Amino acid sequence: MTSSELRYQVIHIYKELLFLGRNYPLGYDYFRNRLHKAFSSQAHLDNEEQIRKGIARAEFVKKEIEALYYLKRYRTLKQRYENK
């Protein structure tokens with residue numbers, strides 16, 4: 001895989017995480033700043049294997065955030081319909 005493809009993957013996962021951050025409980029600005037710091041701290045990586053591991057970790061974080069949102073939605077719906 002070429003470096004341009006890896007770069008595309010990194011940018012793509014960054015944008016996906018930014019999109020998910022819109023509904024973050026502590027606010028979008030908090031999420032965006034933390035995300036930027038996390039990605040900036042890994043900007044020095046030039047080994048393809050390390051970059052792949054970083055992308056895999058970002059995918060894991062994305063799934064965790066999605067699970068957090070689904071759980072929050074489930075609890076809200078359960079609370080609404082349980083009382084009726």
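If you're wondering where the values come from, they're calculated on a predicted model, not measured in any experiment.
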Roughly how far apart are [X] [atom1] and [Y] [atom2], rounded to 0.5 Å?
X: Leu6; Y: Asp46; atom1: CG; atom2: CG; result: 11.5 Å
X: Tyr30; Y: Leu35; atom1: OH; atom2: CG; result: 12.0 Å
X: Tyr14; Y: Lys62; atom1: OH; atom2: NZ; result: 15.5 Å
X: Arg75; Y: Gln79; atom1: CZ; atom2: CD; result: 10.5 Å
X: Glu66; Y: Leu17; atom1: CD; atom2: CG; result: 9.0 Å

Side chains of Arg73 and Tyr69, donor plus acceptor under 3.5 Å: no

Count I, L, V, M, F, W, Y as connected when their side-chain heavy atoms are under 4.5 Å apart, and connections chain through other members. Are [X] and [Y] then in the same cluster?
X: Ile11; Y: Ile51; result: no
X: Tyr28; Y: Leu26; result: yes
X: Leu20; Y: Leu18; result: yes

Residue pair Ile13 / Val61, side-chain heavy-atom distance below 4.5 Å: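 No, their side chains stay 4.5 Å or more apart.
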
For a salt bridge (charged side-chain N to carboxylate O under 4.0 Å, His left out) check, start with the C-alpha distance between Glu59 and Lys63, then their side-chain angles and the critical distance, and finish with the verdict. CA-CA 6 Å; Glu59 289 286 345; Lys63 289 178 184 175; 5.8 Å; no

Donor-acceptor contact present, side-chain Arg34 to main-chain Phe31, <3.5 Å: no

Does a side-chain N-to-carboxylate-O contact under 4.0 Å join Lys53 and Glu49? no

